[in-house]
Amino acid sequence: QVQLVESGGGLVQAGGSLKLSCAASGRAFSTYAMGWFRRTPGKVREFVAAVNWSGGRLYYANSVKGRFTISRDNAKNTCYLQMNSLKPEDTAVYYCATVYSSSTYYYTNEDDYDYWGQGTQVTVSS
């Protein structure tokens, strides 16, 4: 069993930055791939970014590429999402997720993930 807790959300003006954290507890964090997703009211949850277990392979949604950076610190059991140049359309509840994977894969489909955090609200004002 793995527990995930997101933090770092808040209200920011367009063009600003936020850094989300996802703290994991439970089994060995370094054997899990991580992902970030987001959901806006009335819409389905969408993929944002993913990283494999080592942090060596990353992948981003086109909508955030060049603005967001996913990273992880396995010694701290934490995954991060640095969000720069934020836009009002980035407003959403952001979720981190994890799945056991000691391979080089990252995962972009929410159905591939086994554990989810409770979400943290990010609001970008214009």
Side-chain angles (χ1 to χ4, degrees):
Q1 191 75 10
V2 177
Q3 293 80 42
L4 303 175
V5 179
E6 302 98 334
S7 61
L11 173 65
V12 64
Q13 288 189 330
S17 298
L18 282 175
K19 186 173 185 177
L20 305 183
S21 298
C22 175
S25 60
R27 301 181 66 181
F29 179 70
S30 62
T31 58
Y32 284 77
M34 300 295 298
W36 286 94
F37 291 76
R38 66 187 182 187
R39 176 179 282 163
T40 54
K43 293 187 177 181
V44 300
R45 189 157 51 188
E46 65 173 358
F47 168 76
V48 175
V51 61
N52 76 321
W53 72 270
S54 69
R57 297 195 69 195
L58 315 173
Y59 191 78
Y60 299 93
N62 287 336
S63 59
V64 306
K65 197 173 298 183
R67 300 187 298 121
F68 291 12
T69 302
I70 188 172
S71 63
R72 63 188 296 161
D73 185 336
N74 288 346
K76 295 183 178 179
N77 285 9
T78 303
C79 182
Y80 305 97
L81 185 68
Q82 176 67 48
M83 305 185 294
N84 298 329
S85 302
L86 282 161
K87 305 174 181 180
E89 51 263 44
D90 294 319
T91 295
V93 177
Y94 284 72
Y95 300 88
C96 67
T98 190
V99 57
Y100 174 75
S101 174
S102 58
S103 73
T104 59
Y105 294 150
Y106 50 75
Y107 301 88
T108 63
N109 189 323
E110 64 175 317
D111 292 336
D112 290 326
Y113 288 89
D114 293 325
Y115 304 101
W116 293 82
Q118 82 290 349
T120 185
Q121 176 71 46
V122 171
T123 303
V124 184
S125 62
S126 57

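Just the heavy atoms: all of them, side chains too, but no hydrogens, waters or symmetry mates, feed the values below.
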_Tyr107-Ser101 side chain donor-acceptor pair, cut-off 3.5 Å_ = yes
*Who else is in Leu11's hydrophobic cluster (ILVMFWY, side-chain heavy atoms under 4.5 Å, direct or via others)?*
none
Check: residues 119-126 side-chain donor-acceptor pairs under 3.5 Å, at least two apart:
{"unit_1": "Thr120", "atom_1": "OG1", "unit_2": "Gly9", "atom_2": "N", "d": "3.3"}
{"unit_1": "Gln121", "atom_1": "NE2", "unit_2": "Ala92", "atom_2": "O", "d": "3.4"}
{"unit_1": "Gln121", "atom_1": "NE2", "unit_2": "Thr123", "atom_2": "OG1", "d": "3.3"}

_Test your reading of the model: is there a side-chain donor-acceptor pair from Ser21 to the backbone of Tyr80, 3.5 Å cut-off?_
no
*Does Phe37 have any ring-ring contact (aromatic ring centres under 6.0 Å, His included) partners at least two apart in sequence or in another chain, and if so, which?*
Phe47, Tyr113, Trp116
*Rounded to the nearest 0.5 Å, what's the gap from CD on Gln82 to CG on Leu18? Could you check?*
8.5 Å
*asked:* Assigning hydrophobic clusters by single linkage (Ile, Leu, Val, Met, Phe, Trp, Tyr; side-chain heavy-atom cutoff under 4.5 Å), is Tyr94 placed with Val12?
replied: yes
*asked:* As an exercise, state the distance from CD of Gln1 to CG of Asp114, rounded to the nearest 0.5 Å.
replied: 10.0 Å
*Using the rule that two of Ile, Leu, Val, Met, Phe, Trp, Tyr join whenever any of their side-chain heavy atoms come within less than 4.5 Å, decide whether Trp53 and Met34 are in one cluster.*
no
*I would like to know whether Glu110 and Tyr95 meet side chain to side chain contact (heavy atoms under 4.5 Å, CB included); could you show each step before the answer?*
CA-CA 11 Å; Glu110 64 175 317; Tyr95 300 88; over 6 Å; no
*Nearest-0.5 Å distance, CG of residue Leu4 to OG1 of residue Thr78*: 10.5 Å
_Separation of Gln3 CD from Asn77 CG (nearest 0.5 Å)_ = 11.5 Å
*Quick check: are there more than 12 heavy atoms from other residues, nucleotides or ligands sitting under 6.0 Å from OH of Tyr59?*
no
_Between Asn52 (side chain only) and Arg57 (backbone N and O only), is there a donor and an acceptor less than 3.5 Å apart?_
yes
*Of all the heavy-atom pairs spanning Leu86 and Met83, show the shortest one and how long it is.*
CD2-CB, 3.8 Å
*Got a sec, which residues hit side chain to side chain donor-acceptor pair (under 3.5 Å) with Thr104, two or more places apart in sequence or on another chain?*
none
_Please check this pair: side chain of Arg72 against backbone of Gly55, looking for a donor-acceptor N/O pair closer than 3.5 Å._
no
*Arg38/Ser63 under side chain to side chain contact (heavy atoms under 4.5 Å, CB included): CA gap, chis, key distance, verdict*: CA-CA 12 Å; Arg38 66 187 182 187; Ser63 59; 3.5 Å; yes
*Going only through I, L, V, M, F, W and Y residues with side-chain contacts under 4.5 Å, is there a path from Phe68 to Leu58?*
yes
*asked:* For a side chain to side chain contact (heavy atoms under 4.5 Å, CB included) check, start with the C-alpha distance between Leu20 and Glu6, then their side-chain angles and the critical distance, and finish with the verdict.
replied: CA-CA 7 Å; Leu20 305 183; Glu6 302 98 334; over 6 Å; no
*asked:* I need the full list of disulfide bond (SG atoms under 2.5 Å apart) pairs touching residues 33-126, with sequence neighbours left out, sorted by first then second residue.
replied: Cys22-Cys96
*For Tyr100, all residues meeting ring-ring contact (aromatic ring centres under 6.0 Å, His included), sequence neighbours excluded*: Tyr32
*Does atom NZ of Lys43 have more than 12 heavy-atom neighbours from other groups under 6.0 Å away?*
no
*When hydrophobic residues are tied together by side-chain contacts of less than 4.5 Å, even through go-betweens, does Phe29 share a cluster with Val99?*
no
_Point-to-point distance, once rounded to the nearest 0.5 Å, from CD of Glu46 to OG1 of Thr108_ = 12.5 Å
